[in-house]
There are 2 protein chains.
Amino acid sequence: MHSKVTLADVAAAAGVSKMTASRAMRGAKDVSPKTVERVREIAAELGYMGNHVAASLANNRTDLIGVVVPSLSNIVFSEVMSGIEDAIAGTGLQPFFGVTGYDPEREYLLVRQMLSWRPAGLIVTGLDQDSQTRELLQASTAPVVQIMDTDGTAADMCVGFSQREAGAGMADLLIAQGRKQFGYVGCALDRDTRAIKRRDGYLESLTKSGFIQVPQQTSTERSSVAAGKAMTAELLAAHPTLDAIYYSNDDLAIGGVFHCMEQSIPVPEQLILAGFNGLDLVASLPAPVATTRTSRRDIGTAAAKAILSRHAAEGSNDPLLKTVPIQHVIDARRTFTAK
Amino acid sequence: MHSKVTLADVAAAAGVSKMTASRAMRGAKDVSPKTVERVREIAAELGYMGNHVAASLANNRTDLIGVVVPSLSNIVFSEVMSGIEDAIAGTGLQPFFGVTGYDPEREYLLVRQMLSWRPAGLIVTGLDQDSQTRELLQASTAPVVQIMDTDGTAADMCVGFSQREAGAGMADLLIAQGRKQFGYVGCALDRDTRAIKRRDGYLESLTKSGFIQVPQQTSTERSSVAAGKAMTAELLAAHPTLDAIYYSNDDLAIGGVFHCMEQSIPVPEQLILAGFNGLDLVASLPAPVATTRTSRRDIGTAAAKAILSRHAAEGSNDPLLKTVPIQHVIDARRTFTAK
DNA sequence: GTGCGCAACGGTACCGGTAACGGAAATTTC
DNA sequence: GAAATTTCCGTTACCGGTACCGTTGCGCAC
């Protein structure tokens, strides 16, 4: 039976003290090489396995890094997590995550639970937590990084880009293409505050240029290609003369493309479809889709690195606000940059 | 300053013992309602936040549940994690994950690190760990669930389906459609053991029916729509008469569809494309794609539930092998079942 | 031979909670 | 009104490590 073997057992079997055994296992100094070897050998024989819980309690810190995301079905957050993984690979840190489902209440409980693990750092999505959650984040001694959004004030550190500007930028790009009749399709706008910001930026920019009438098709269901397809059909049925549609993300826009292909609507001649995220998939579509490329992976990596460097420079409290670049493209299949 | 407030502080401020404070905070019995209220009030005032690390050490168990997946860029594993999340929502359990990148060495280290957290359970992908890792899994006192695959023997519990039969089933379906010239396109076959099993099942079934010549296009890069598109082009260039192609997953098959659309190859009249997973996306494609629907979410849920029930029934060690149904469809857009 | 420095190891006291048991006051029972 | 419960709370002893400081033994210089 493994599992019950404790460091004391190893120490006893090796004829040394717990302390020496501990040092030997960790590769700390003040132990002779042969003792290290003997202890490790015995540990292997006995099937000893360290106990992170005890170790963490003893030195008052864990190597856990908490990640709070709103959803996992959205590939974007998987990519953020990949970036985090990349950055902490080899550092011995371990990510643990929680999913809020865009629910502030659940987010609060999650953050609380995570902090009670005394994590080495916390990465949470967005800047729009409710006040309780915000307090927790600010009171936290562990470094906190809010990601994906820079429209607002961060509790500690922040890595992302302006969602509002992203929406505005796409509006400008579409206007520059000579489009006149704009529409909008969005999902989960009751919860997804970043999608709301993008829409607001989009509408604001259109208004500035004199485009007041912008029919919208919205839904509270979660984003999907199927939803995009259906909602595009509805929007076009009511407003057949639209020549540009902005979607709250690429998934919906892809659905729009599929609808147009089935209905033989020429894309982009008659109608430009614009999504958001710059998913790999859109670059392979048979028709051009406009999108905004965002580097989710880099955001994850930067966030994790911010936590790491905070640890390296103990005591420093530089707020850090990192804005990662985004790129609006009119045809995701080409690499040329518009605007 | 929060963060340094300990249970002892709360107890002192409330004029009770640590033990009573502990009970009050946890809602354990043997405390009068008014004491509970007072303690909680003071805890809130002081900004007390529990310490999971200490609690876990004291009662020798954590509420962490480890999840080991090969990749996050594959939406399939996100969905599995969603399923896990669903099942443990409200139980106070916390998932923490690690990504192997299909690397056995990394997998070993990950499992080791996870077990040293004394998790409430461990969910790992696949049955083909290397021998060291397998030993760890078998020696673990924490319940272990291996998921996604049933072709092999489980270390403890297992939830999934036969990858081999999945491949064979699709071969049979394509044969039943009257196809004669079969091809195969796959990625990451040097690492993804489940994809290998599917291919083997596919080829074996074809061989049984007398189809010996099956040209293959493979690559070690990771699966993507773009890769599927490119590899389809290459395969068809060399073998233009193929009338059915099986891909190692839906991503590649989607790429195949896009290639065919651009080249005006009639799908499915001239060429049937078959993927694997039954992603939502394929149901929205403008052309039919054959696929095998798998319930990733259910697998995650079932795995998490298996761990929960193991905890409920302390001591029981039912091995549990749960096979979840899969469904081969010739056109993902329809719900009718083939075969 | 004495004193000194350094390498290697051990003892003790925690880290912040919780299980188990015990005991006194309040309540019920007959 | 005494005995038997029940209710509520405290004491003690850990959980399995690690930090801190002290101790031992040995080689070396004088």
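Letters A, B, ... are given to chains in the order of the sequence lines, protein chains preceding strands, and every chain is numbered from 1. The figures here come from the full heavy-atom set of this structure, side chains too, leaving out hydrogens, waters and symmetry mates.
Rounded to whole angstrom, the span from the NZ atom of A/K4 across to the C1' atom of D/dC14 amounts to 13 Å. In this structure, B/R38 atom CZ and D/dC9 atom P are separated by 8 Å, rounded to whole Å.
Of all the residues in residues 7-21 of chain B, B/V16, B/S17, B/M19, B/T20 reach under 4.0 Å from DNA chain D with at least one non-hydrogen atom. For residues 23-36 of chain A, proximity to DNA chain C is found at A/R23, A/D30, A/V31, A/S32, A/T35, defined as any non-hydrogen atom under 4.0 angstrom from a strand atom.
A salt bridge links A/D128 to A/K197: one of the charged nitrogens lies within less than 4.0 Å of a carboxylate oxygen.
Judged as a side-chain hydrogen bond (donor to acceptor under 3.5 Å, both in side chains), and not counting sequence neighbours, the contacts of B/R297 are B/D86. Taking A/T100 as the reference, A/V68, A/P70, A/E107, A/L110 meet the side chain to side chain contact (heavy atoms under 4.5 Å, CB included) condition, with sequence neighbours excluded. Qualifying side-chain hydrogen bond (donor to acceptor under 3.5 Å, both in side chains) partners for B/R194, counting only residues two or more places apart in sequence or in other chains: none. Taking the side chain to side chain contact (heavy atoms under 4.5 Å, CB included) definition, one finds that B/A55 meets it with nothing, sequence neighbours left out. For A/R106, the side-chain hydrogen bond (donor to acceptor under 3.5 Å, both in side chains) partners at least two apart in sequence or on another chain are B/E85.
Within the structure, side-chain hydrogen bond (donor to acceptor under 3.5 Å, both in side chains) contacts touching residues 55-67 of chain A (residues at least two apart or in different chains) are A/H52-A/D63. For residues 66-79 of chain A, the set of pairs meeting the side-chain hydrogen bond (donor to acceptor under 3.5 Å, both in side chains) definition, not counting sequence neighbours, comprises A/S71-A/S73, A/S78-B/S78, A/E79-A/R296. Judged as a salt bridge (Lys or Arg N to Asp or Glu O under 4.0 Å), not a single pair has a partner in residues 14-27 of chain A (not counting sequence neighbours).
A donor-acceptor pair is defined here as one N or O able to donate and one able to accept, closer than 3.5 Å; no such pair exists between the side chain of A/Q163 and the backbone of A/T150.
Closest of all the heavy-atom pairs between A/L72 and A/F97 is CD1-CE1, 3.7 Å. Residue B/Q129 comes nearest to B/T125 through the heavy atom pair NE2-O, 3.2 Å, listed as atom of the first residue, atom of the second, then distance.
There is no side-chain donor-acceptor pair under 3.5 Å between B/T301 and B/D298.
Of the side-chain N and O atoms in A/T6, one or more sit less than 4.0 angstrom from OP1 or OP2 of D/dG17.
A 4.0 Å heavy-atom criterion places the boundary nucleotides of DNA chain C facing chain B at C/dG16 to C/dA20, written 5' to 3'.
Pairing analysis of DNA chain C (Watson-Crick: purine N1 to pyrimidine N3 plus N6-O4 or O6-N4; G-U wobble: N1-O2 and O6-N3; both under 3.5 Å) yields stems of 3 or more pairs at C:1-30 with D:1-30.
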